[in-house]
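Below is one structure, written out as structure tokens; comments come after it.
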Number of protein chains: 2
Amino acid sequence: MTAAGDNQRTVALLWGEAITPTRGPKPTLSAARIARTAIDIADTEGLAAVSMQRVAASFEYTTMSLYRYVGGKAALVELMVDIALESPPAPDASADWRARLETWAQAGLERYRRHPWLLGAATAEHRVMGPHELSWLEAALDALSGTPLTVPEKHDAFLVINGHVRNVAQELAHSGGDAEWNATMSGILDRHGDRFPTLTAALSSGEHHTVGADSLQFGLACILDGLAAQIARRQR
Amino acid sequence: MTAAGDNQRTVALLWGEAITPTRGPKPTLSAARIARTAIDIADTEGLAAVSMQRVAASFEYTTMSLYRYVGGKAALVELMVDIALESPPAPDASADWRARLETWAQAGLERYRRHPWLLGAATAEHRVMGPHELSWLEAALDALSGTPLTVPEKHDAFLVINGHVRNVAQELAHSGGDAEWNATMSGILDRHGDRFPTLTAALSSGEHHTVGADSLQFGLACILDGLAAQIARRQR
DNA sequence: CTCTACTGTATGCGAGGTACACAGTTAGGG
DNA sequence: CCCTAACTGTGTACCTCGCATACAGTAGAG
């Protein structure tokens with residue numbers, strides 16, 4: 001299968017290991033430029049609007065010319081992800097693990113808000129991680145380096161926090177303005193509410209659930225409290 | 001836009017509100033049968049393998065015949081999701097909230113493991129929720145009904161736990177057997193490990209991070225500990 | 001018996017990803 | 001100095017997919 005070769009080429013691109021040829025015409029484009037243009041499109045029109053033809057048209061180039069640089073659509077998306085994740089939160093050695101993880105989570109949420117398509121792009125398979133994506137992992141592990149947690153536990157902690165950030169971002173991406181969805185769902189609950197007593201009671205309680213910045217805080221506080229308990233248990 | 005009409009029709013399908021015609025030939029297929037076949041395909045070959053033509057071919061039917069039943073691909077996927085979520089965890093009123101949430105999370109994880117494509121299908125947009133999906137939410141809220149948390153907090157708690165389950169499922173779906181990925185990533189760390197000191201140290205520590213059932217437990221314990229702390233604070 | 005609503009089919013369009021062959025361009029080797 | 005190999009961008013073509021539309025066959029209602 002050609003997947004191995006493709007993977008090889010994608011890894012080389014992501015990690016800057018590609019060999020630059022000397023002969024022939026100078027390339028006028030670059031993988032990074034293509035990816036950045038694709039990111040612009042995805043930011044404003046969504047990931048679905050990113051097609052080879054669309055990106056090529058932004059340069060007034062032919063569709064096929066892109067294949068000289070990025071190998072395929074999958075590779076392009078992986079590049080987009082890694083470039084969108086550049087400049088991860090800088091480790092601040094003076095803060096304790098909790099504060100560092102909080103800023104980490106906040107930075108992650110902001111990144112997801114700036115590039116909502118990241119949520120859909122990272123979903124697919126076990127992607128090869130690029131340098132920037134790895135840096136985020138590195139930063140999270142580094143924040144926990146002073147704690148007595150084991151390596152797998154640190155990894156698990158990263159998993160939990162990252163998952164929470166992703167989830168809040170997903171919720172934020174859809175909240176607000178979706179009046180039609182609200183109407184549809186409340187119509188459904190009007191007709192079938194008897195099957196969901198707790199839910200109906202919750203919705204009619206008047207305390208509406210507005211997704212906002214505090215959505216991150218509540219869950220994050222839970223997770224970090226639990227983590228602190230683990231750490232305290234370990235230190236005894 | 002036709003989106004409203006489509007939505008209407010999808011809602012009717014999901015919630016069994018469709019009117020069944022009396023005249024004309026009896027339908028030989030049904031939306032549910034089509035969705036179940038699509039689920040079988042997605043279970044074994046992934047969501048990407050589910051196309052109208054592929055599903056229709058399973059019945060030895062024409063592609064277009066499916067449109068008599070499901071309205072479109074998006075509607076089919078929504079049906080698939082809701083059917084895959086049928087029989088949510090039964091509420092056990094005798095257990096306390098923590099035990100109930102633990103079984104809820106466990107059941108969710110098993111569901112995601114049986115239908116890994118659920119992870120990719122639920123990602124897209126703010127989908128209309130079907131009866132089964134709503135039942136999962138109902139069950140989670142019901143588990144928390146005895147606690148002094150506010151309605152938004154219960155909702156947030158659901159969000160955190162659900163996100164964690166999804167994340168663990170995602171990790172599990174890709175772990176193991178992916179020897180090529182492992183080789184690729186360790187090759188990368190061999191060449192660029194100096195940029196990721198904490199990560200390299202973690203990997204060379206010998207404590208390998210094997211994703212398993214305990215991955216759910218660690219994070220879940222953190223979250224539930226934090227939730228318990230919130231509840232205790234509220235009860236004082 | 002006929003009309004009408006309904007089912008399944010046949011055909012075709014447009015969009016998207018990509019393989020392939022080709023023309024134009026440039027650096028290094030003889 | 002030029003020629004050849006390597007490389008870039010292009011044109012064409014093919015496949016798959018979602019879906020619109022028009023059509024033929026079928027069966028209940030009156």
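Predicted, not measured: the structure shown is a model, and the values here were computed from it. The sequence lines fix the lettering, A, B, ..., with proteins before strands; numbering per chain opens at 1.
- Residue contacts shown for A:Thr28 are limited to sugar-phosphate atoms, with no base heavy atom under 4.0 Å away.
- Counting only heavy atoms from C-beta outward, the side chains of B:Asn167 and A:Val160 never approach each other to under 4.5 Å.
- Residue A:Met64 is classed as a base contact, given a heavy-atom separation below 4.0 Å to a base.
- Both A:Lys26 and B:Ser65 lie near DNA chain C, and the one whose nearest nucleotide falls closer to the 5' end is B:Ser65.
- Rounded to an integer number of Å, the gap from CZ of A:Arg54 to P of C:dG14 is 20 Å.
- Within 6.0 Å of atom CZ in B:Arg114, 12 or fewer heavy atoms from other residues, nucleotides or ligands are found, so the atom counts as exposed in its surroundings.
- Nearest-nucleotide mapping onto DNA chain D: of A:Leu29 and B:Arg68, the residue sitting toward the 5' end is A:Leu29.
- In the set C:dC6, D:dG18, C:dT18, D:dG18 carries the atom at the smallest distance from any side-chain atom of B:Gln53.
- Around the CZ atom of A:Arg113, the shell of radius 6.0 Å holds no more than 12 heavy atoms that belong to other residues, nucleotides or ligands.
- Whole-Å rounding puts the A:Leu66 CG to C:dC20 C1' distance at 17 Å.
- Under 4.0 angstrom from either OP1 or OP2 of C:dT9 there lies no side-chain N or O belonging to B:Tyr67.
- Between the P atom of C:dT9 and the CE atom of B:Met52 lies a distance of 16 Å, rounded to the nearest Å.
- Residue B:His164 is tested with B:Val168, B:Asn162, B:Ile161 for a side chain to side chain contact (heavy atoms under 4.5 Å, CB included); the sole match is B:Val168.
- B:Ser51 comes within 4.0 angstrom of the backbone, heavy atoms only, and of no base.
- Listed nucleotides D:dT10, C:dG8, C:dT7 differ in distance to B:Tyr61; the shortest reach to its side chain belongs to C:dG8.
- Within the 4.0 angstrom heavy-atom criterion, no nucleotide atom of any strand lies near B:Phe59.
- Nearest-nucleotide mapping onto DNA chain D: of A:Thr62 and B:Val50, the residue sitting toward the 5' end is A:Thr62.
- No N or O donor and acceptor, one from the side chain of A:Arg23 and one from the base of C:dG28, sit under 3.5 Å apart.
- Residue contacts for B:Pro25: at a heavy-atom cut-off of 4.0 Å it reaches a base atom on one of the strands shown.
- With B:Gln53 as the partner, the side chain to side chain contact (heavy atoms under 4.5 Å, CB included) test is satisfied by one option alone out of B:Leu66, B:Thr62, B:Thr63: B:Thr63.
- Proximity note for B:Thr22 (side chain, C-beta onward) versus D:dG28, D:dC7, D:dG9: the nearest is D:dG28.
- As rounded to whole Å, 19 Å separates atom P of D:dT16 from atom NZ of A:Lys73.
- Remark: B:Thr63 is not in phosphate contact with D:dG18, judged by side-chain N or O atoms under 4.0 Å from OP1 or OP2.
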